[in-house]
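Input: a single structure, listed below in structure tokens.
Atom set for the values below is all heavy atoms of this structure, side chains included, hydrogens, waters and symmetry mates excluded.
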Amino acid sequence: QVQLVESGGGLVQAGGSLRLSCTASGRTLSTYGMGWFRQAPGKEREFVGLITSDGVTVYADSETGRFTISRDNAKNMVYLQMNSLKAEDTAVYYCAQRQPTRGAYNSNMGYDYWGQGTQVTVSS
């Protein structure tokens, strides 16, 4: 069974930075694209960004220039670096394993394994 685990969330002041981490037990992630999603209170889950197995990144328009996704295959880790955080970034952040046969890269349906999320709270 694949289990994804996110970490690194917490409370941060507006303008600050956080780095989230995602790892897995039961699977080596190096051959999979990995996505980041977030869900804010009262809103639907939305796509944040994706890193492919080859290290190519794609971001939602709202995150361009502030968020960076990277991966360290030797450590079986995927990261989401978030800079210049805003109150609107407050959400539970999830990592997920890409499964192209199921759906589009920016859709929940395009991923087959999910972590339980880590809370990010940005204070104004």
Side-chain angles (χ1 to χ4, degrees):
Q1 182 67 242
V2 176
Q3 181 178 349
L4 301 180
V5 180
E6 304 95 340
S7 63
L11 177 64
V12 64
Q13 191 173 4
S17 299
L18 283 174
R19 188 178 74 164
L20 307 184
S21 301
C22 173
T23 191
S25 61
R27 175 155 297 185
T28 299
L29 299 179
S30 62
T31 61
Y32 296 91
M34 297 295 297
W36 286 94
F37 290 75
R38 68 185 182 185
Q39 187 165 21
K43 298 183 179 180
E44 296 184 352
R45 188 171 299 182
E46 67 175 349
F47 172 74
V48 174
L50 164 73
I51 185 165
T52 72
S53 59
D54 293 326
V56 177
T57 54
V58 180
Y59 302 97
D61 290 343
S62 61
E63 321 310 330
T64 300
R66 297 193 302 123
F67 290 8
T68 303
I69 299 173
S70 61
R71 66 194 309 161
D72 186 338
N73 290 335
K75 297 180 179 179
N76 205 35
M77 298 286 287
V78 180
Y79 305 101
L80 174 62
Q81 177 69 45
M82 303 186 293
N83 299 323
S84 301
L85 284 164
K86 307 172 182 179
E88 64 192 79
D89 296 318
T90 295
V92 177
Y93 284 72
Y94 301 87
C95 67
Q97 180 183 289
R98 180 85 171 104
Q99 179 51 261
T101 62
R102 295 187 60 179
Y105 73 90
N106 60 347
S107 170
N108 292 341
M109 298 299 296
Y111 300 80
D112 56 0
Y113 293 102
W114 295 78
Q116 292 191 335
T118 185
Q119 176 71 49
V120 172
T121 303
V122 184
S123 62
S124 300

Test of understanding: with side-chain hydrogen bond (donor to acceptor under 3.5 Å, both in side chains), list the residues that count as partners of [X], not counting sequence neighbours.
{"X": "Gln81", "value": "Asn83"}
{"X": "Thr121", "value": "Gln119"}
{"X": "Tyr94", "value": "none"}
{"X": "Tyr93", "value": "Arg38"}

I need the [X] [atom1] to [Y] [atom2] distance, nearest 0.5 Å.
{"X": "Gln3", "Y": "Thr23", "atom1": "CD", "atom2": "OG1", "result": "10.0 Å"}
{"X": "Leu29", "Y": "Ser53", "atom1": "CG", "atom2": "OG", "result": "11.5 Å"}
{"X": "Gln13", "Y": "Ser124", "atom1": "CD", "atom2": "OG", "result": "9.5 Å"}
{"X": "Leu80", "Y": "Thr57", "atom1": "CG", "atom2": "OG1", "result": "11.0 Å"}

Look at the side-chain heavy atoms of Ile, Leu, Val, Met, Phe, Trp and Tyr, link any pair under 4.5 Å apart, and say whether [X] and [Y] land in one connected group.
{"X": "Met34", "Y": "Leu18", "value": "yes"}
{"X": "Phe37", "Y": "Tyr113", "value": "no"}
{"X": "Leu20", "Y": "Leu11", "value": "no"}

Short side-chain donor-acceptor distance under 3.5 Å, Arg27 and Tyr32: yes
Please name all residues satisfying side-chain contact (heavy atoms from CB on, under 4.5 Å) with [X], sequence neighbours left out, ordered by chain then number.
{"X": "Ser70", "result": "Tyr79"}
{"X": "Ala14", "result": "Val122"}
{"X": "Ala104", "result": "Asn106, Ser107"}
{"X": "Ser30", "result": "Thr28, Asn73"}

Could you tell me if the side chain of [Y] sits less than 4.5 Å from the side chain of [X], heavy atoms only?
{"X": "Asp89", "Y": "Met82", "value": "no"}
{"X": "Tyr105", "Y": "Tyr111", "value": "yes"}
{"X": "Met77", "Y": "Arg71", "value": "no"}
{"X": "Leu50", "Y": "Ile69", "value": "no"}

So, for [X] and [Y], which heavy atoms are closest and what is the spacing to 0.1 Å?
{"X": "Gly117", "Y": "Val92", "value": "CA-CG1, 3.7 Å"}
{"X": "Leu85", "Y": "Arg66", "value": "CA-NH1, 3.9 Å"}
{"X": "Glu6", "Y": "Thr118", "value": "CB-CG2, 3.9 Å"}

Residues in salt bridge (Lys or Arg N to Asp or Glu O under 4.0 Å) contact with Arg19, at least two apart in sequence or another chain: none
ring-ring contact (aromatic ring centres under 6.0 Å, His included): pairs with one or both residues in residues 51-72, sequence neighbours excluded: none
Summary of disulfide bond (SG atoms under 2.5 Å apart) pairs that have at least one residue in residues 4-39, sequence neighbours excluded: Cys22-Cys95
Residues clustered with Val56, ILVMFWY side-chain links under 4.5 angstrom: none
